[in-house]
Structures are given as C-alpha cells and as structure tokens.
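Naming: A, B, ... by sequence-line order, numbering from 1 per chain. Predicted model only: the values in this text are computed from it and were never measured.
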Amino acid sequence: MKIYWTTINGKSLGMYFLLGVLAILAAAGLYATYAMFSQGHYITGMNNQIPWGLPIVVAIYCIGLSAGSLVLSALSAVFGQKEFKPFARIAVFVAALFLVGSLLSIVLDWGRPDRVMLPFLYLNPRSIFSWNGFLYSSYIFICIVYLWAMFTGRDGWIKPMGILAVCWAVGVHSGTGAIFGFINARELYHSPLASPTFVVAALSSGTALMILIIVSTFKATGRFLDNRLITGLAKLLGSFIMVVLYFVIVEYIVRLYTPSTCEPTRFVLFGGNLYTYIFWVGLILLGSIVPAIILFNPITKNSIPWISFASLLVVIGVFCERLIFVLPGQIFPLNLFPDMEMTSSFMDGQITWYQVSLPEIAQGLGILSIVAILYIIGLKLFALLPTEARHLEHEL
Amino acid sequence: MKRRDFLKLGGIVAAASAVTPASSLLYAGKTTTSAIKYGLVIDLTKCDGCGECATACRIANNVATSPDNEKINNYWLRIARVKSKFPNSHEQAIPLMCMHCDNAPCVHVCPVKASFVRKDGIVMIDKHRCIGCRYCMIACPYKARSFVFKHNEGFSNPDVPKTMHGVVEKCDFCVTRIDSGRMPVCVESCKKGVMSFGNLFDPESQVSRLISSGKVHRVREDLHLGAKVYYLGL
Amino acid sequence: MNKLIAIFVVLIFGVVLLSPFVVNAIRGGMSKGVSKLDIVLPSSGKCIKDKEYMRANHMDLLKKERVKAVRDGVRTNDYSLKNCQTCHQKRDEFCDRCHHFVGVKPECFECHYYPTGKKECKGRE
C-alpha cells in the first residue's frame, strides 16, 4: 500500500480559533511562571513539607504520554504490524513534543532555571536526575533522527532507529520511575516496582492519547480513517490497562502488608480524603474498570465514540495515577521516630495538605497548550499525516 | 631552538601546569582534611527544649524567615517534641538539624553536585551551583532542608551570606565559624551545655568520650546513612 | 505566501532579539545618558592587582576564591568580597555604578553582604 503524506491546510476559522485559545492559555501559563519567580514560589501550593507539586506531576505525565505514543510508531516499524504505518510519523512527532513539554515543566519548576546547563556540566553519576537529563535530551534527538529517516525514505534506517527509540523509551521511563523508586527515605516512594509501573502506565496513557489525537485530527481535517485501525489500538489499550491495574494492585497490597508502610497506605486507600477518591474513583473505577468494560464489551468495543470515551478516561486515570504516586509520599510525614508521636513548628509528624494553586494549574495548562500549538504548527509545516488511513485488507 | 624542541618544551610546561594548577599556588590558607571528622553529640537528658539554639541559629545564619506564613518558614534547626503513644508519657524535646551523613542521600541525588560532603564530613550546599530542583528535599529522611520560597530580605548576621530565592538551604554546622576555629552557634548559645561539638577521630575530644560511653543513638540508624549527629538518651 | 510567512517570522525574531534594547530605551537606561563612569575610588592605597587586570578579571578571582572557600574550606582573605570592602567601602558607589554602566547584574549581593551607603543591615525578630 502506498501512503501519501501531506500537510494540513490549516486555514479554517476553527483552526485559528483553536490556536487563539491555546495561545491565550500558553500566555497565561508563562505569566504564572513569571509570577512565581518575581513574587516568589510561596504563591504555589508547595511548601517545605511538599517540595514537589503539580509541575512534577505534569512533567512525568508528559514523559509517559511521550513514550506511549512512540510505541505506536514502533508497532509498524519494529513489531511488524504494517497496518499502523499511517500513524508512524505523527506518533514519533507527538513523542518528541511531549518530551519537550515535560522538560519545560521540569526546568520551569526549578528554583533557578537560568542554571539549566549546569546538570550537563557537573554530571553526578549517582543521581537519577543526571541520568534523566542525559536520557531525555538524547531521546528527543533519537526521535528527530527517526523522523528524519521516515521523511527522507531511508527504509534501512527505520527499523534500527525504531528499535533504538523503543529501548530508549523504556530507559526514559524506568529512569523516571527510578526518580521516586530509589528514594529510601519515603515509604510511599521506595519500591522496585516504580520503574515498571511507570513504563506500563506510560504505554497505557500514550496509546489512549494517540487514539484521541488520531481520531480528532483525522476528523478535523476530513481524512478517511479506517475503524479497524482504531479498534486494533483499542485492543492494545485494553491489555495495557489490565497490566497497569495489576501492577498497582501488587504494589498496594505489598505496602498494606508491610507494617512500616501500612499506615501511610491506609491513609491513601481508606483515609476518606481527596487521595482516597483520586485512587478509587479516578484511578481504579474511571481510569481502569470503566474503560476496560468499554474496551472488552462486544457491543462497544468496535464503536469509535465509545473507544474515544474510554481513551479519555484512561488519559485522566493515568494522570490520577501520577498524582497518587507523587503527592501522598510527601503529604504523609516522614517517620523520624517510628512508633512515636512527634510534633514541631516545622510540620513534623503531621499530615500537611497540598493545596494546588492557580499559578501551578495555569503553568501546567500553559505547557500542554504549548505542546498543542507546536503540534498544530508541525502538522502545517511537515507532511506528518497520510491522505487516508486504510487497513491493509482494502488493498487486497 | 628547533621547532621540534620548542613544541616539546611547550608540552612539558603544559603538563606541569596541569599537575599543579595555578590556583593551588595562590592560596596559602589551610584546607580541610579527612583526618578530621566533625560530629555533634546532643545530651537529651539536659535539654528542656527552650529553643534558644533554634533562635540563635536563625539569626546567625540569615535563615529565610516568613512569620506570616509558617508553611514556608525555613528551619536549619528545629525543636521536635516526641512522646510515645501511651498516656502520661514523658514528652522529650529533641533538637533536629542536618545529620551530616557520610552516605548522604541528598548528595547522591543532586544532579549538579551542589550538595557535597566536605572532607571533614560536613554536608554542604554550593548555593552558587544549586538549581533548586528540590530532589534533595525529597531524598532527605530527616527533613533537614528548606527551599527559599521568596526573596530573603535583610541580613540578621552580615558576616555570613544568606540564601537567595530559588535555592535550597540547610544546616552546615556553621561552617564559617568552624573554619575560623569557633563552635557552631547552637553549641555556643546553649546555656545548659546540651550540645558538644568536636572531632570524632580525636580520642580526647568530648564528643568521642560521650560516644564511647555507648549510650548514644542516632535518628533512623536503620537507614545506614552514617549520620554524625548523636543523641545521648534518645 | 510562503515568502510572506518567512518575512513575518524573521520580523518577529528581530523584534524579540531587539526587545532588550527597546525595553531599556523606554525605561530610560539610555536616555539617562550615563556617558561617564563616575565610580568613587578610594583616596589612597593600592589594589591587589593593577587596575586593568582587576577591571577585566575581578570576577574570575572572586569565583576562584569562592570555589576554594565553599568546597575546601580555604578562607583566605586575598581575593574575597570581604577584602574588597576594606578599600571600596560602599557598594553603590563602586560596584553598582560600574555594573549598571556596563549593564550586568551579578548575583553576588543577593546573598553576600556588602555595605551600601543607604540601608544598613537590619536584624530580624
């Protein structure tokens, strides 16, 4: 099957309207960031008990979306699923964009973003962050080379670059999970399962996001999209959801069983607080069970609207998974004196809530908007989209 | 001189200057040695938690203070009150600060090597290099570190620098005082003689004698961090 | 059409590139007409190095000193900010004026105390 790649026209009123809204959101995000640095970071919800807030959640979420979408491209190039070739370019492009988004989020979260080059000057081989700085930047580079190979039709390059990109994506995700999993001090972080959970959650959210992006982009630009391609992706998504669910269940059961982690885990799972709802409603019910029912139910599993709805739920559910991963580990106090009651004027021994602030939300939305703007500009400048996406059997 | 010889000579000069950097010739001051290992012993049986050390520390180190918002009020040294979960139990005041671990997790995670262990065992932050990523605050099991959330105005002690907005700060055993041969300010300010500071490698120092009594413990010894702040009667 | 877009993009790039100058011009950095560098020099004494060297390299000396002091605990007085203060007693008459003149904003004084003519250090609590 010969695929013809084109750019989008991008001159419709709706397009300009969309770009305008995104630009306003991005400007608001940049202004919020400016406010954080000019007034001080006390205007965010972070404090000395919770040094990592929403920006880090957004960053690791973006990284997850990045790798998941890359795998979609690798489906055709590496795993021999030739029918997904129409999505190959767009998937790699989205992967690179979300990595840019996550790097933006991380660097703007720093107290001194002007020192952005220092991690490359003073590499600390024991620091996961140092490794990640290397992994993330090289990952963008690999994505660009991969795209270049596809654009220039160097078929000999595509498979090796695809394999490299998939390996790198796994490394990037394991590295991101290791940021938390290697931390011995915090019971709710320290876990060898952190890295694999990140990888599978990335696959699940990335596939879901790609379904949403593909369906909406093809619809908005009036391109033909074969339903069977989307149902094929949906099958994949269904299995990813089950793996994520399994990992989460294993993780939390071990934590409940272990006396030292039992109390903080019970606080998250049965504490009746916001995080209890995020876990049970956001992650388990809406993020896993409902989409799984939709994707495995014979009535709904072939319907594009239902699949899109399930994908949306998964995208939100994995965001909840990130929240539940990053925040409770800090909200629950550090255990300096086990089995003792501790108080102090520095929030020791007490649960400190993270109250997300407007600037952080604006910054997160702004970064996502920048990613979206770059996506639209990319569609306009580069021939990322096929004229139509047909299943292979149409040819035969 | 032939060109070849000239190049050779140049090479020798370059190699020599690489071995002895010019900066090492310029400085005559004493550097830290690993023959010294500083440590602190806190005698909790004498401590009544008056908090004078914490106040003195705050003033002496220009710690970022925001009285109107206690969530971002930074501490280098704080007094925790600890008691068992049973009724009528005795409440023990415990001064907590950076424990100056030998295997400091904050040093391990720092992506720019801004956190480092000095040769004499003091864990320090190079605030000129810190990027403010706050990974060290996540990694520290003692919550010893604080982020400077807004511009830190005014000096309470002009002799030492304050910390700028966007950088992490913590106890450094009053390193400028130590380098000029004085005691950390918490040790000096305590009127009850709760704290003693000294060289752990020196068998005659008071810290060594207190530690050799065998009654000292450290906070979270189970983490194997090699903390150098010891507590008597913990 | 593509040409128009390219010109537009180049224009935007140019505006962004020139924006610092425009902002400075509007704010009055240029209109103040700082044509003469009126720093106040100490009446007597000699700096540790000659004037030209210090003008070009004082920041490197300070940086070297700071690395040694922070990392190795070598606190000599030779090239430190404290030593500067023995002759150049007021920051706003010396450091700040020249830095303003050349348009650099060093971060030293965000953390390090250097007496200014105006406000003195204030204690807290």
Side-chain angles (χ1 to χ4, degrees), chain A residues 36-44 46-52 56 106-107 109-116 118-124 126-133 179-180 182-186 189 329-330 333-349 352, chain B residues 51 54 66 69-75 78-85 89 91-94 96 105 107-115 126 128-143 145-151 164-168 219-220 222-225 234:
Chain A
M36 280 181 205
F37 287 100
S38 59
Q39 292 177 40
H41 281 76
Y42 71 99
I43 61 169
T44 66
M46 290 177 260
N47 53 51
N48 284 319
Q49 166 91 14
I50 303 155
W52 280 359
I56 292 288
I106 290 175
V107 172
D109 180 55
W110 292 355
R112 308 281 317 179
D114 51 325
R115 298 179 180 170
V116 63
L118 292 191
F120 299 100
L121 283 176
Y122 306 104
L123 217 58
N124 178 5
R126 273 198 83 158
S127 170
I128 309 294
F129 258 18
S130 257
W131 282 95
N132 284 355
I179 293 174
F180 303 93
F182 281 27
I183 298 301
N184 199 0
R186 294 181 190 262
Y189 282 176
Q330 303 169 59
L334 284 169
N335 201 0
L336 263 69
F337 301 100
D339 291 334
M340 306 283 267
E341 275 176 11
M342 178 185 183
T343 52
S344 84
S345 49
F346 196 39
M347 301 172 279
D348 279 307
T352 313
Chain B
S66 51
N69 188 353
E70 65 135 16
K71 273 198 169 179
I72 58 168
N73 202 13
N74 292 358
Y75 282 87
R78 63 194 193 271
I79 310 283
R81 287 163 207 283
V82 179
K83 59 178 184 176
S84 77
K85 284 176 178 160
S89 68
E91 188 182 76
Q92 176 65 55
I94 303 179
L96 289 172
V107 176
H108 297 164
V109 301
C110 182
V112 290
K113 290 185 181 166
S115 287
D126 187 344
H128 307 109
R129 197 189 281 183
C130 173
I131 55 173
C133 70
R134 312 190 286 288
Y135 198 8
C136 49
M137 295 173 72
I138 295 286
C140 176
Y142 301 111
K143 217 176 135 190
R145 290 168 166 249
S146 307
F147 183 68
V148 182
F149 279 90
K150 59 176 180 182
H151 180 63
M164 65 169 78
H165 170 208
V167 162
V168 171
V219 182
R220 297 283 325 245
D222 58 317
L223 294 175
H224 297 273
L225 300 177
L234 186 70

What part of [X] is in contact with chain B, defined as an atom under 4.5 angstrom from a non-hydrogen atom: side chain, backbone, both or neither?
X: A/Leu118; value: both
X: A/Met46; value: both
X: A/Phe182; value: neither
X: A/Ile43; value: neither

Counting heavy-atom pairs under 4.5 Å with chain A, which one of [options] comes out on top?
options: B/Pro105, B/Cys110, B/Cys140; answer: B/Cys110
options: B/Asn73, B/Asp222, B/Val112, B/Ile131; answer: B/Ile131
options: B/Asn69, B/Asn74, B/Val168; answer: B/Asn74
options: B/Met164, B/His165, B/Gln92; answer: B/His165
options: B/Pro111, B/Gly166, B/Cys133, B/Gly132; answer: B/Pro111

Sequence neighbours left out, cut at 3.5 Å: what donor-acceptor pairs do the side chains of residues 334-342 of chain A make with other protein atoms?
none

Worksheet item: Taking the six-membered ring for Trp, are B/Tyr135 and A/Trp52 parallel (under 30°), tilted (30 to 60°) or perpendicular (over 60°)?
Response: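 Aromatic pair B/Tyr135/A/Trp52 classed parallel.
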
Contact origin within [X] toward chain A - heavy atom pairs under 4.5 Å:
X: B/His128; value: backbone
X: B/Arg78; value: side chain
X: B/Leu225; value: neither
X: B/Ile138; value: both

Any chance you could measure [X], atom [atom1], to [Y], atom [atom2], to the nearest 0.5 Å?
X: B/His108; Y: A/Asn184; atom1: NE2; atom2: CG; result: 11.0 Å
X: A/Arg126; Y: A/Trp131; atom1: CZ; atom2: CH2; result: 12.5 Å
X: B/Ser146; Y: A/Phe346; atom1: OG; atom2: CZ; result: 3.5 Å
X: A/Thr352; Y: A/Ile50; atom1: OG1; atom2: CD1; result: 5.5 Å
X: B/Lys113; Y: A/Leu121; atom1: NZ; atom2: CG; result: 11.5 Å

Worksheet item: For A/Tyr42, is the NZ or CZ atom of B/Lys150 found under 6.0 angstrom from the centre of its six-membered ring and inside 45 degrees of the ring axis?
Response: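 Judged by the rule (NZ or CZ under 6.0 Å from the ring centre, within 45° of its axis), B/Lys150 counts as positioned above A/Tyr42.
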
Worksheet item: Looking only at side chains, do B/Lys71 and A/Gln49 share a donor and an acceptor under 3.5 Å apart?
Response: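 Not at all, the side chains of B/Lys71 and A/Gln49 share no donor-acceptor pair under 3.5 Å.
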
Practice prompt. State whether a side-chain donor-acceptor pair under 3.5 Å links B/Tyr75 with A/Ser344.
Written response: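 Absent: no donor and acceptor within the cut-off.
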
Worksheet item: Do you know which of A/Gly329, A/Ser130, A/Ser345 has the most heavy-atom pairs under 4.5 Å to chain B?
Response: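 So the answer, after comparing A/Gly329, A/Ser130, A/Ser345, is A/Ser345.
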
Worksheet item: Who wins among A/Ile128, A/Asp109, A/Val116, A/Asp114 for the most heavy-atom pairs under 4.5 Å with chain B?
Response: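 The option with the most such pairs is A/Asp109.
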
